[in-house]
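First comes the structure, then the notes that go with it.
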Amino acid sequence: MFTIAIYLAAYNTTAVNTGLLNATTPIWVLLFAALLTADKPRMTQWIGVLIAGLGTAVIIGKGDINVFLEMNFVSGDLFALISAMIWAAYSMLLKYAPRGIHPFSLIFASIVVGLVYLTPIYLWSILVNGDPYFTRLDPAWPDMIKIAYIGAGPAFLGYLFWNRGVGMVGAANAGVFLYLMPAFASVLAVIFLGEELHLYHLGGIALIAVGIWRATRRVPKPAPAQTA
């Protein structure tokens with residue numbers, strides 16, 4: 001459901017809208033944790049998420065507030081918001097995964113269940129569009145390499161590491177690290193795509209780093225009073 005929602009968003013709205021609304025995922029994680037679990041988020045987590053979210057907004061808006069003031073909301077924005085909520089819910093529900101299940105088994109089960117939902121939608125798209133997407137790739141091999149990367153990278157390793165991380169530190173702490181995606185995207189774009197590095201990149205990355213530190217910082221508990 002997350003994949004379908006985020007791709008529908010990308011096709012039906014702007015990259016700015018998609019990035020900004022999908023960046024609300026850590027906020028939804030904290031909201032779900034506050035409403036549905038006994039492990040209530042700390043104030044430092046809320047503050048950290050908001051600071052990191054501000055850094056993300058700086059990068060997405062290229063340091064220009066007018067980008068957000070001139071945003072036009074369309075149907076695709078609803079899909080972007082839904083995708084953020086779905087990912088947050090998925091992260092929260094990971095704590096209910098069967099104890100002792102192997103990480104590969106969990107991903108395999110997720111893939112099987114996903115195919116149950118995706119196959120009818122794929123067949124429907126063939127009927128609507130007339131032919132499968134894979135018959136229209138040109139050139140075939142470069143496109144297939146891209147698809148193979150999506151399958152091996154975000155769709156397999158990404159889930160594997162994310163599931164492990166959530167299991168170790170909890171959904172609330174893990175959620176704030178999602179703000180690293182625009183930071184890494186900016187750095188990789190400079191390295192591999194030749195894009196220029198601007199001050200808003202550095203400012204946004206700095207805010208994200210401060211926000212993550214603030215959200216994940218452990219406050220030492222006061223030592224118990226000693227009795228004579």
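Quick caveat, the model's predicted, so the values are computed rather than measured. Hydrogens, waters and symmetry mates play no part in the numbers below; they use all other heavy atoms, side chains included.
Between Phe104 and His102, the two ring planes are tilted [angle within 30° to 60°]. Classification of the Trp162-Trp87 ring pair by plane angle, with boundaries at 30° and 60°, yields tilted.
The heavy-atom pair separating Arg99 from Lys95 by the smallest distance is NH2-O, 4.2 Å. Closest heavy-atom contact between Ala174 and Val166: CB-CG2, 3.8 Å. Heavy atoms only, all atoms of each residue included: Tyr159 and Ala155 are closest at CD1-O, 3.5 Å.
Considering only heavy atoms from C-beta on, Thr3 stays 4.5 Å or farther from Leu118 through its side chain. The shortest distance between side-chain heavy atoms of Asn22 and Phe79 does not fall below 4.5 Å. Looking only at side-chain heavy atoms (C-beta outward), Ile208 and Trp213 stay at 4.5 Å or farther from each other.
Using a distance-only test at 3.5 Å, with no hydrogens or angles considered, a donor-acceptor pair links the side chain of Tyr179 to the main chain of Ala23. Between the side chain of Ser83 and the backbone N or O of Ala80 there is at least one donor-acceptor pair closer than 3.5 Å. Side chain of Arg42 to main chain of Ala215: a donor-acceptor pair is present (N/O by atom type, distance under 3.5 Å, no hydrogens or angles). Panel note: side chain Thr56, backbone Ala52; a donor-acceptor pair is recorded below 3.5 Å.
The same ILVMFWY cluster, assembled from side-chain heavy atoms under 4.5 Å apart, contains both Val210 and Tyr200. Met92 and Val113 fall into different hydrophobic clusters, defined by Ile, Leu, Val, Met, Phe, Trp and Tyr side-chain heavy atoms under 4.5 Å apart, directly or through other members. Two different hydrophobic clusters hold Val176 and Met168 under the rule that ILVMFWY side chains link at heavy-atom gaps under 4.5 Å. Side-chain heavy atoms closer than 4.5 Å link hydrophobic residues (I, L, V, M, F, W, Y) into clusters, and following such links, even through other members, never connects Leu207 to Leu178. One hydrophobic cluster, built from ILVMFWY side chains closer than 4.5 Å, cannot hold both Ile6 and Leu21; they sit in different ones.
For the residue pair Thr216 and Asn173, no side-chain donor N or O sits within less than 3.5 Å of a side-chain acceptor on the partner. Counting only N and O atoms by type, the side chains of Asn12 and Tyr7 include no donor and acceptor under 3.5 Å apart.
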Run the side chain to side chain contact (heavy atoms under 4.5 Å, CB included) check on Ile82 and Ile86 step by step: do they pass? CA-CA 6 Å; Ile82 291 174; Ile86 290 173; 3.6 Å; yes
Should His201 and Ile59 be marked as a side chain to side chain contact (heavy atoms under 4.5 Å, CB included) after you check the CA-CA gap, both sets of side-chain angles, and the distance that decides it? CA-CA 6 Å; His201 287 124; Ile59 294 176; 4.3 Å; yes
Derivation of the side chain to side chain contact (heavy atoms under 4.5 Å, CB included) call for Leu123 and Leu127: CA-CA 7 Å; Leu123 294 176; Leu127 296 176; 5.9 Å; no
Run His198 and Glu196 through side chain to side chain contact (heavy atoms under 4.5 Å, CB included) and show every step you take. CA-CA 6 Å; His198 297 278; Glu196 294 184 10; 3.5 Å; yes
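Atom CZ of Phe156 has more than 12 heavy atoms from other residues, nucleotides or ligands within 6.0 Å.
With Val49 as the fixed residue, the side chain to side chain contact (heavy atoms under 4.5 Å, CB included) test singles out one of Ile27, Ile212, Thr25, Leu54: Ile27.
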